[in-house]
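Contents: one structure, followed by commentary.
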Amino acid sequence: MEGDLVDSYDDLIARMTIEQKCALLSGAGEFTTRAYPELGIPELRFSDGPNGLRKQAGASDHLGLNPSEPATCFPTACTMANSWDPVLAQREGAAMGEEAAAQGVNVLLGPGLNIKRNPLCGRNFEYYSEDPLLAGRMAAACVRGIQSRGVAACPKHFAVNSQETRRMASDSVVDERTMRELYLSGFERVVRESAPKCLMSSYNLVNGTYANESRHLLGEILRREWGYRGAVVTDWGGSNDHAAGVAAGSTFEMPNPGKDSVRELVAAVRSGSVGGEALDARVREALALIFSTDAAVRASRGWFDAEAHHALAREIAAQCAVLLKNEGALLPLALGTRVALIGDFADAPRYQGAGSSAVNATQVDSLRVLIGESGLDCVGYEPGYRRDGGDGAALVDKAAVLAKRADVALVCLGLTEIQESEGLDRTDMRINENQVSLLRAVAAANPRVVMLLSAGAPVEVPWLGDARALLHLALGGQAGAGAALDVLTGKVCPSGKLAETWPVRYEDVPGAAAYPSTSRAAEYREGPYVGYRYFNTADVPVAFPFGYGLSYTTFAYSDVALGPAGSDGAPSEISFVLTNTGEVAGAEVAQLYVEAPRRDVFGPARVLAGFVKVELRPGESRRVALPPDAHAFQYWNVRTHGWELEGGTYRLHVGASSRDIRLSCEVELAGTDVPVPYEGLELAPYETGDVRTVDDATFERLLGRPVPSARPRIDRSMTLGELGRGRSPLGWIAGAVLTHLYRKSLASGEPDLNVTFVYNMPLRALAKMTGGAVSMGMVDAIVMELRGFWVIGLLRFLVEALLNKLRS
Ligand code: BGC
């Protein structure tokens with residue numbers, strides 16, 4: 001039985017008992033579902049994702065702690081997005097899909113496309129962009145690539161998931177329009193453009209309801225409005241109430257909640273709270289996913305060409321490098337240039353992030369080893385700093401001495417492993433002070449400094465004056481070192497552009513002080529003003545704007561023209577002539593921004609509406625067409641609950657970055673005849689874009705309802721870190737111990753991911769992540785205990801524990 005048709009499994013479904021159906025919808029192991037040999041249903045295997053496979057042959061976990069089988073570690077999404085090249089993303093996806101099939105994996109858990117709401121989010125390295133069009137297109141291409149190899153992709157985490165702190169117990173409070181235009185529209189593109197076979201719901205709640213149980217998100221929007229036909233899987237431990245999830249449109253609960261959860265679902269079906277049709281719909285989705293990917297896994301030859309994939313990883317990483325500064329055209333370096341190689345990253349590269357995405361790479365290149373093959377004359381290597389941030393004055397001195405002996409100092413700096421990890425948000429946007437001291441000392445010894453920056457997120461650059469050239473490698477994957485050399489020597493002309501804004505300082509980010517939220521509600525008070533949408537509207541200076549990147553050549557833009565109008569009057573394309581006016585071949589990422597009239601409907605000054613990457617030889621000219629995105633001229637109207645068009649003059653800008661507009665033209669659009677959504681509402685900060693501080697009343701007017709209370713509630717969603725806030729001495733002791741371990745772990749400089757995970761974990765996850773050892777009844781008993789019913793709570797716990805033992 002094969003194929004993608006979700007309605008062709010009726011016979012099989014008719015032969016299944018309710019128990020079998022319910023048990024199919026949750027994991028049997030950390031990454032697998034139950035097989036039913038008697039029905040011919042094989043197990044389904046998931047695996048991370050998203051920038052390479054993390055299939056664990058031995059002990060499995062979802063934090064990237066135990067080893068996995070070797071696989072190609074491609075550049076992470078934050079890097080890939082800087083290429084602005086969906087074709088490249090598709091090729092990467094296809095290679096990962098091939099590796100997945102070879103390792104017996106049906107579903108690759110990626111790509112991740114959450115919006116980078118704040119530069120401190122610990123998982124930003126796994127996400128593409130602050131812009132949903134760029135993120136959505138790159139993710140859709142990746143999905144097409146993965147699925148072209150017969151296995152399934154699983155875009156994640158749906159939706160409005162923007163912080164790691166309290167990640168399983170955080171309620172994203174966001175207004176409907178911002179959600180639609182910013183946080184959902186990337187997913188909408190992925191679903192419509194690439195038909196993923198699976199999709200992961202996020203840990204968090206959205207406006208008071210768990211994303212995985214939200215009928216609005218999963219039923220109305222994802223399935224009905226966007227026509228999604230695939231399966232939905234919870235994030236690992238992200239299920240709160242599986243029956244509610246199944247009713248809302250969620251298929252699988254992962255990882256292995258044990259039989260207790262199955263029994264709950266069976267009971268819900270028997271009582272009628274989950275309809276038989278809903279159950280069958282979910283089973284059909286599960287079977288479609290299993291059977292449509294099983295053939296590819298079985299047919300795989302069981303190996304992949306590791307060398308070829310390494311070469312692809314290098315090609316991709318080179319296309320993603322962003323040249324941020326190149327004073328006096330210091331780069332590219334001529335062959336034979338005498339270079340001093342400085343910085344620990346040159347020896348042990350920083351090439352991926354920590355957590356569930358960590359790949360056991362097939363090989364890892366380093367600059368120190370590869371520089372000998374680059375044609376540059378390396379006069380020596382010095383580590384220059386201690387990776388742990390500790391003082392290393394002697395290392396600095398040696399590096400400065402080495403720098404003096406060279407024409408150019410290549411200084412490799414950036415964020416260290418522990419500064420970017422799943423489960424933790426960063427606390428600032430700085431690189432370690434010992435690295436800055438090194439840079440200063442080297443620049444004093446030899447001002448011809450080329451800095452190579454490895455970081456999965458923006459950093460503040462107060463040290464920029466000490467680097468004549470700055471090449472941002474982001475997290476380049478296992479072959480990133482070779483890619484860096486290709487760009488440094490001019491073998492590859494840099495064409496990457498930033499997929500996110502680099503603020504001058506963290507304090508410039510709207511809502512900086514309130515991020516991450518440490519209480520249950522994470523209030524998205526800035527509304528639509530995230531990244532360049534904020535900085536450009538409020539006219540705040542930035543270090544490097546969204547869409548920015550230099551090249552070894554130059555490009556001229558001319559002759560803008562509007563294509564024919566579509567049914568709504570909006571132009572179907574904007575075209576212009578692009579000319580390579582420099583000396584070398586190169587590629588330019590040209591961007592289209594739409595400036596809406598903003599008469600009655602506030603919003604960002606400019607919004608990305610299209611982009612294209614064009615390769616040109618020196619002197620070559622080409623007319624380039626940029627079709628605007630489907631929502632380019634629309635806004636989400638909270639009164640009609642639909643996409644509408646405001647009438648007025650729209651300005652279309654074609655540029656080399658969001659702040660480097662080269663061509664503009666205008667178009668007059670009639671607009672849809674609908675009520676103005678904000679009539680009579682006092683929403684001053686949203687009208688000007690100055691959303692640094694938004695008071696309760698204004699935010700409530702935008703939301704259309706009161707802001708939820710921040711007081712911790714004693715329920716299944718109380719985090720283990722909050723145990724001390726209950727009314728039970730046992731809870732106080734457990735809370736104190738855990739808080740001590742958590743603080744100690746953070747203070748150590750090498751946070752223990754298990755401790756941070758447990759600290760931020762809600763009580764309910766005890767039942768969802770312990771393979772049946774803890775039942776939901778036991779969790780409810782703990783809640784009773786914490787509410788102050790010490791004796792009854794304890795007794796109930798003992799009874800529930802006994803019942804759980806007897807049933808298992
Ligand atoms: C992460 C997911 C990941 C899953 C499985 C979770 O902790 O949030 O992105 O796919 O674990 O490892």
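These numbers come from a predicted model, not from an experiment. The basis for the numbers below is simple: all heavy atoms, side chains too, and nothing from hydrogens, waters or symmetry mates. Just so you know, ligand 1 is whichever comes first in the structure, and atom 1 is the first atom listed for that ligand.
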Going by the order shown, which atoms of ligand 1 are within less than 4.0 Å of some heavy atom of [X]?
| X | value |
| --- | --- |
| Arg167 | 7 (O), 8 (O) |
| Lys156 | 2 (C), 3 (C), 9 (O), 10 (O) |
| Tyr203 | 6 (C), 7 (O), 8 (O) |
| Arg54 | 12 (O) |
| Glu422 | 1 (C), 6 (C), 7 (O), 8 (O) |

Non-hydrogen atom of [X] closer than 4.0 Å to ligand 1:
| X | answer |
| --- | --- |
| His157 | yes |
| Phe31 | yes |
| Phe46 | no |
| Met254 | no |

Counting only heavy atoms, tell me which of Arg123, Glu126, Met200 gets closest to atom 9 (O) of ligand 1.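 Of the listed residues, Arg123 has the closest heavy atom.
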Minimum non-hydrogen distance to atom 8 (O) of ligand 1, winning option of Asn114, Leu753, Asp235: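 Among Asn114, Leu753, Asp235, the closest heavy atom to atom 8 (O) of ligand 1 comes from Asp235.
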Please round to the nearest 0.5 Å and tell me the distance separating atom OG of Ser202 and atom CZ of Phe158.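 If I round to the nearest 0.5 Å, the distance is 8.5 Å.
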Calculate, to the nearest 0.5 Å, the distance between atoms CG and CD belonging to Leu120 and Glu420 respectively.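 One finds 11.0 Å between CG of Leu120 and CD of Glu420.
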Are any of the side-chain nitrogens in Arg725 or Glu722 under 4.0 Å away from the carboxylate oxygens of its partner?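 Looking at Arg725 and Glu722, the cut-off is not met.
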Please examine the side chains of [Y] and [X], heavy atoms only from C-beta on, and report whether any two atoms are closer than 4.5 Å.
| X | Y | result |
| --- | --- | --- |
| Thr234 | Met200 | no |
| Leu475 | Arg350 | yes |
| Leu287 | Leu24 | yes |

Has Arg117 got its NZ or CZ under 6.0 Å from the middle of the six-membered ring of Tyr515, at an angle within 45 degrees of the ring axis?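 Because its charged atom misses either the 6.0 Å distance or the 45° angle limit, Arg117 does not stack over Tyr515.
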Ring centroid separation for Trp236 and Phe46, is it under 6.0 angstrom?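 Yes, the ring centres sit under 6.0 Å apart.
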